[in-house]
Amino acid sequence: MRSVTAYASSAAKAPFEKTTIQRRDLGPRDVLIKIAYAGICHSDIHTAREEWGEAIFPLVPGHEIAGVVEEVGSGVEKYAVGDRVGVGCMVDSCRECVNCLAGEEQYCLKGNVGTYNAIGRDGRPTEGGYSTHIVVDQDFVVGIPEGIGLDQAAPLLCAGITLYSPLKHWGAGPGKRVAIVGLGGLGHMGVKIAHALGAEVTVLSQTLSKQADGLSLGADHFFATGDERTFAELAGSFDLIVNTVSATLPMERYLSLLGLDGTMVNVGAPPEPLSVPAFALIAMRRGWAGSMIGGIGQTQEMLDFCAEHNLGAEIEVISGEQIDEAYDRVVASDVRYRFVIDTATF
Ligand code: NAP
Ligand code: ZN
């Protein structure tokens with residue numbers, strides 16, 4: 001075991017405090033990563049505040065990890081000391097089921113092993129990126145291309161892949177009218193990626209306060225959902241809507257914005273159920289779907305795509321002591337557009 005510094009919360013809604021945690025000794029396939037930056041995802045907040053159910057405390061969240069390889073196990077051939085690497089939301093899966101074999105490890109039939117708040121193969125709780133180091137099997141590590149700063153790359157490991165995967169799956173590209181609901185961490189990467197894929201992109205935000213940002217991120221149109229006229233004006237006008245909102249929305253109203261055969265993909269994961277009247281789907285043969293992060297292979301593809309198109313996250317870098325304050329600001333939709341913890345401040 002190796003002692004490393006981390007920020008942990010001791011109970012639901014307890015403040016984050018600097019502490020020491022243990023990382024396992026390197027197995028033959030393991031990579032020791034010196035973490036440079038860790039993004040704060042709204043999922044960290046849902047988990048730490050037990051909005052999704054009981055969590056394992058002390059909790060060290062963080063599944064948007066970017067850093068540099070410091071040491072490798074004897075059998076590691078994918079990475080070498082000094083490589084720039086990332087780790088996202090999972091650190092293991094069964095690797096044998098049909099979904100793992102298809103490169104969709106996030107849908108592992110035995111359940112993927114989350115980067116934190118899960119039980120690892122060694123029987124110990126997993127602890128995430130709000131720490132100086134992490135040990136991860138090489139198969140769940142991705143390479144961060146030169147050209148993307150590690151700080152701007154960290155949020156791609158969750159926010160980036162969570163939008164890239166459904167945008168690719170549902171064919172966002174030239175001629176497709178795509179709406180992104182919620183301009184937060186996920187949403188702003190959705191705008192950048194959908195634009196880079198060639199789609200016509202609309203942001204649906206609560207107010208117009210982020211309009212200038214949205215347009216400069218690559219959106220073609222920007223509407224306030226707090227304005228009653230928006231829903232009438234945009235009725236039936238999208239092929240694909242990706243809903244990134246962390247709270248429940250009146251789905252019927254948003255579904256009415258889809259045209260014939262349009263699809264609403266939910267990536268936002270509010271604690272309360274979403275409800276949909278059948279006629280909102282029947283009317284235009286609409287689809288309502290969900291999507292969870294993306295596989296390891298696709299995460300690497302996304303990073304390469306972002307490097308090629310010069311895309312990184314818009315970030316506000318914070319210290320370990322500012323995590324609680326950052327959580328409150330995320331919940332208040334006051335993040336532009338991802339908080340990233342600098343582990344050099346630990
Ligand atoms: P975030 O940065 O807080 O962004 C969410 C955005 O939703 C806010 O910035 C805000 O945008 C909008 N919003 C918030 N509350 C709202 C409300 N009551 N009504 C309408 N709009 C509201 O969060 P995030 O990190 O992007 O995560 C978003 C959600 O995705 C979370 O539930 C998270 O757990 C989930 N998630 C899912 C996956 C997956 O694999 N499916 C992966 C990561 C995260 P505006 O200010 O523009 O309105
Ligand atoms: Zn996340």
Side-chain angles (χ1 to χ4, degrees), residues 41-43 46 52 88-89 99 102-107 155-156 158-206 214 217-221 223 225 231 234-278 280-295 298-299 301-302 305:
C41 176
H42 206 121
S43 300
H46 289 310
W52 284 341
C89 299
N99 293 349
E104 304 273 19
E105 300 88 352
Q106 72 279 30
Y107 304 120
L156 302 179
C158 175
I161 185 60
T162 299
L163 272 290
Y164 183 82
S165 190
L167 288 168
K168 290 287 284 191
H169 187 80
W170 277 278
K176 292 277 185 185
R177 302 161 302 168
V178 174
I180 304 288
V181 189
L183 195 63
L186 266 55
H188 95 287
M189 284 314 307
V191 171
K192 287 191 180 206
I193 293 169
H195 174 70
L197 288 168
E200 182 181 345
V201 185
T202 299
V203 175
L204 301 174
S205 187
Q206 293 166 93
L217 294 169
D220 301 285
H221 318 282
F223 289 88
T225 53
F231 290 91
L234 297 179
S237 57
F238 300 112
D239 303 304
L240 176 65
I241 302 177
V242 185
N243 173 20
T244 75
V245 173
S246 49
T248 41
L249 293 179
M251 296 311 294
E252 182 181 7
R253 306 197 74 198
Y254 288 81
L255 284 163
S256 74
L257 306 181
L258 290 169
L260 180 63
D261 288 329
T263 305
M264 161 77 74
V265 182
N266 226 90
V267 294
E272 303 300 330
L274 297 166
S275 71
V276 172
L281 299 172
I282 291 170
M284 287 283 166
R285 201 162 54 193
R286 295 177 178 123
W288 189 31
S291 182
M292 183 164 67
I293 49 173
Q298 195 178 41
T299 303
E301 176 188 311
M302 176 275 307
F305 176 88

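The figures that follow rest on heavy atoms only: side chains count, while hydrogens, waters and symmetry mates do not. In what follows, residues are counted from 1 in the order of the sequence shown.
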Audit row: Thr263, Ile241, side chain to side chain contact (heavy atoms under 4.5 Å, CB included) steps and yes/no: CA-CA 6 Å; Thr263 305; Ile241 302 177; over 6 Å; no

For the side chain of [X] and the backbone of [Y], is there at least one donor-acceptor N/O pair under 3.5 Å apart?
X      : Y      : answer
Asn243 : Asn266 : no
Trp52  : Ala269 : yes
Glu105 : Gly295 : no
Asp239 : Gly262 : no
Asp220 : Val201 : yes

Let's go through Leu234 and Phe223 carefully: what are the C-alpha distance in whole Å and the side-chain angles of both, what is the deciding distance for side chain to side chain contact (heavy atoms under 4.5 Å, CB included) to 0.1 Å, and is it a yes or a no? CA-CA 9 Å; Leu234 297 179; Phe223 289 88; 3.6 Å; yes

Side-chain donor/acceptor pairs under 3.5 Å, residues 245-257, sequence neighbours excluded:
| from | atom 1 | to | atom 2 | distance (Å) |
| --- | --- | --- | --- | --- |
| Arg253 | NH2 | Glu228 | OE1 | 3.1 |
| Ser256 | OG | Arg253 | O | 2.5 |

Review item, side-chain donor-acceptor pairs of residues 159-172, under 3.5 Å, at least two apart:
| from | atom 1 | to | atom 2 | distance (Å) |
| --- | --- | --- | --- | --- |
| Thr162 | OG1 | Cys158 | O | 2.7 |
| Tyr164 | OH | Glu301 | OE2 | 2.5 |
| Ser165 | OG | Gln298 | OE1 | 2.7 |

As an exercise, state the distance from [atom1] of [X] to [atom2] of [Y], rounded to the nearest 0.5 Å.
X      : Y      : atom1 : atom2 : answer
Phe305 : Ile193 : CZ    : CD1   : 7.0 Å
His221 : Thr202 : NE2   : OG1   : 4.5 Å
Ser43  : Leu186 : OG    : CG    : 7.5 Å
Leu260 : Arg285 : CG    : CZ    : 5.0 Å

Considering all heavy atoms of both residues, which atom of [X] and which atom of [Y] are nearest to each other, and what is their separation?
X      : Y      : value
Pro271 : His46  : CD-CE1, 4.1 Å
Leu183 : Gly214 : CD2-CA, 3.9 Å
Arg286 : Ala280 : NH1-O, 2.8 Å
Gly287 : Leu281 : C-CD2, 4.4 Å
Gly182 : Thr244 : O-OG1, 3.1 Å

Taking the side chain as C-beta and beyond, is there a heavy-atom pair between [X] and [Y] under 4.5 Å?
X      : Y      : answer
Phe238 : Val178 : no
Met189 : Pro155 : no
Leu156 : Met302 : yes
Val242 : Val267 : yes
Trp288 : Val265 : no

Please name all residues satisfying ring-ring contact (aromatic ring centres under 6.0 Å, His included) with His195, sequence neighbours left out, ordered by chain then number.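 With neighbours one apart ignored, the set is empty.
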
With side chain to side chain contact (heavy atoms under 4.5 Å, CB included) as the test, pick out the partner of Met264 among Val181, Leu258, Leu240, Val276.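 Exactly one candidate clears the test, Leu258.
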
